[in-house]
Amino acid sequence: MSLDESTAYALATWARFDEAITDDLVRAVCGAFAIVATADGDVAESEGASFLNIIRERAEAFPQLDLAVVERLFRDLTAALLSDPEGGREHVLSEIARVKDLPKERELVRSAAQVAIFADRRVEGREQKVME
């Protein structure tokens, strides 16, 4: 699956989501993308830009979503993962776990992680392992 296919899948998944976007969901989606994007020990500018651009481009689909909060949260989570990989990972996984019993939300989180794998236009084995 390419970035374009992965993004299309994510957008289709997100379009089907018709409920309020909770803080837990935003944190889980940002965390899923961040944990995959940082799996190789770095976050390429293209990775962060891809995630944020997808959200910005579809802002009309999520009118209740504060894009500044999403951007700050994503940057904070990636910084935590890079500065303290073990503690950051534990924190991000706890954020993701908050939606584990909610099937629609789980699918949104999975699609965000899938987009992260292809965001820098290369697939890293470590990223795929984190995704799994």
Is there a donor-acceptor contact under 3.5 Å from the side chain of Arg106 to the main chain of Lys100?
yes
Is there a side-chain contact (heavy atoms from CB on, under 4.5 Å) between Arg75 and Leu52 once you walk through the steps?
CA-CA 10 Å; Arg75 296 200 190 286; Leu52 296 171; 3.3 Å; yes
Could you tell me which non-hydrogen atom of Ala68 sits nearest to which non-hydrogen atom of Asp66, and how far apart they are?
N-OD1, 3.0 Å
Say you draw a straight line from CD of Glu105 to OG1 of Thr22; how long is it, rounded to the nearest 0.5 Å?
6.5 Å
Here's a test for you: under side-chain contact (heavy atoms from CB on, under 4.5 Å), which of Ile35, Leu73, Leu25 qualifies with Cys30?
Leu73
What verdict does the side-chain contact (heavy atoms from CB on, under 4.5 Å) test give for Arg72 and Asp76, after you've listed the backbone C-alpha separation in whole Å, the side-chain angles of each residue and the deciding distance to 0.1 Å?
CA-CA 6 Å; Arg72 187 179 67 246; Asp76 288 350; 3.8 Å; yes
Closest heavy-atom contact between Ala28 and Val109?
CB-CG2, 3.6 Å
What distance do Leu102 atom CG and Lys104 atom NZ have between them, rounded to the nearest 0.5 Å?
10.5 Å
Between Leu93 and Arg89, is there a side-chain heavy-atom distance shorter than 4.5 Å?
yes
Kindly work out whether a path of hydrophobic side-chain contacts (I/L/V/M/F/W/Y, heavy atoms less than 4.5 Å apart) joins Leu77 to Val69.
no
How about Asp23: does its CG atom have over 12 heavy atoms from other parts shown lying under 6.0 Å from it?
no
